[in-house]
Protein chains: 2
Amino acid sequence: MKNAKQAPSLSVQIADAIRAAIVEGALLVGDRLPSEAELAEQHGVSRATVREALKRLAAQSLIRTERGAFGGAFINHLSYDEARPQQVTTSTLLLGMNAVSFQVACEARYALERSCTSLAAERRTDALLDTMRSEIARQSDPDLTDEAFCASDVAFHRALVDSAANEVLSYHLAGSVEAMQPLMNMITFTARSRAEIVRLHHQIVTALVERRSNQIDEALTALEHYTITLGQTVMQRRRTDGMSKDGLTS
Amino acid sequence: MKNAKQAPSLSVQIADAIRAAIVEGALLVGDRLPSEAELAEQHGVSRATVREALKRLAAQSLIRTERGAFGGAFINHLSYDEARPQQVTTSTLLLGMNAVSFQVACEARYALERSCTSLAAERRTDALLDTMRSEIARQSDPDLTDEAFCASDVAFHRALVDSAANEVLSYHLAGSVEAMQPLMNMITFTARSRAEIVRLHHQIVTALVERRSNQIDEALTALEHYTITLGQTVMQRRRTDGMSKDGLTS
DNA sequence: AGACAATTAAATGTCTGACAAATGAAAAAT
DNA sequence: ATTTTTCATTTGTCAGACATTTAATTGTCT
């Protein structure tokens, strides 16, 4: 039996206890935790241990600390804007570390993205349509680097999901869409492939204007298949090119 | 100008630096970081400060620490199973802290869940179908508490999304589905409403067996509208009942 | 009385030095 | 050859100290 699974460290235990109190609602947004010295006394540990526990919670944005008199650790208001970057980081690492094939990642991403089409067609605004149009214009610039093209692509799709006017939906979809960017950055976009993508983006905007959610679905599906094709070419070349240690440099 | 935005603390800076190295791929899974003493020397800070930085990274599951002679901090393999609970916690808190209406949350959840229907119809397995059937059986037990009914409901829907046989998709959808549980737990499920939900669950299983993804969509949409109706009743009663301080006790 | 400056108290951020506990490797004993 | 012991390394924890930040308080001058 090597699975003895020793007890977690004190700082983990304390962090877990406070986290549970937050999740259960015993501690509300804006509430102040006792000072580090008080927490140390309450839990019978040193201040250093309490601090490590608090840093764990701060890393999850559950608390925020302020210095000075009347400072301390406060239960943080977790906003979607704050949570998004963390989710993107996690999703990106998950994709990178788990031998997920490009195809599986793409399949998930577009399946998820299609969940916004119905609401987007219903609620699209002129402002977001303009954003999408201007991103298409940028993508048509032949001098754009591949990386900038990808960034604009992400911006386009974020505008699409934001068109659904549902914050919760936007949060989940943004994570899924942005996490793909590092994978997309491996692709070399030729003039021909860029033209095809721009064409499908145009199709999406048109369908959105005309509130035809089915056509958005279709364009996204076409985009999915086209992207998978592009991706497989890259992956194949990488494999035959003989597994140079890293997957990022030329 | 009160937005001076003072420099982040040293432990934050160090954590950010290491995190960047991980995300950029400079540090690979399994790599060992220098010992705390070495990191302290390298960054010109004390060991306590380095430790706080490492605890931040550990809280995000980016590293794992081992004690003993050849121990230290190792780049963690971030698995979907590890990341899921964290995502659920975050999603749950986001829902609870952001005055998201029950309707908006439900709308997002079911829109996302419908993104699995096509793949699920294509790939469903007998094992997961059996899981879904047994959860339906449990839900039909009139002695079940409301909380257990909710838990079974979540298990049912997780089996549905897992039927799509796409790990990435399951990850995102599980977060969205499970985050709703605290909100669902506020609902009192009458015998009549339970029967209606079970009926729709049956419909989903049947559609899945017959690979009719459209019918799964329809059942999910019906479930969405029915749940919103139930939820609004609860929210209304809560409002007229005169805002007793907490939203959890009877 | 009111405006401005200095003081003070409370809290986090950081440092130092120490010891405990775990753990694998090497050395010693059988 | 195998088992036991020792040992060095590293994380976990503690205690105490000082630096820094911040808001409230107090003091002073007009």
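We name chains A, B, ... by the order of the sequence lines, and we start the count at 1 in each one.
In this structure, A:Tyr80 and A:Tyr171 have perpendicular ring planes: the angle between them is above 60°, well past the 30° mark.
Looking only at distances, no side-chain donor or acceptor of B:Ser115 sits under 3.5 Å from a matching main-chain atom of B:Ala111.
Applying the salt bridge (charged side-chain N to carboxylate O under 4.0 Å, His left out) definition to pairs two or more places apart or across chains, those involving residues 9-23 of chain B are B:Asp16-B:Arg19.
Looking at residues 46-65 of chain B, you'll see B:Arg47, B:Arg51, B:Lys55, B:Thr65 sit with a heavy atom under 4.0 Å from some atom of DNA chain D.
The side-chain contact (heavy atoms from CB on, under 4.5 Å) search around B:Arg158 returns B:Arg84, B:Val154, B:Asp162, B:Ala174, B:Glu178, not counting sequence neighbours. For A:Arg32, there are no side-chain hydrogen bond (donor to acceptor under 3.5 Å, both in side chains) partners, not counting sequence neighbours. Evaluation of the ring-ring contact (aromatic ring centres under 6.0 Å, His included) rule for B:His172 yields no partner, not counting sequence neighbours.
Side chains of A:Ser35 and A:Glu38: a donor-acceptor N/O pair is present below 3.5 angstrom, by distance only. A side-chain N or O of A:Asn166 and one of B:Glu107 form a donor-acceptor pair less than 3.5 Å apart.
Distance CG (B:Leu10) to C1' (D:dT20): 12 Å, rounded to an integer number of Å. Rounded to an integer number of Å, the gap from CG of B:Leu39 to C1' of C:dT14 is 17 Å.
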Enumerate the protein-to-nucleotides 5-11 of chain C contacts in which both atoms are nitrogen or oxygen and the separation is below 3.5 Å.
residue : atom : partner : partner atom : Å
C:dA10  : N3   : A:Ala69 : N            : 3.3

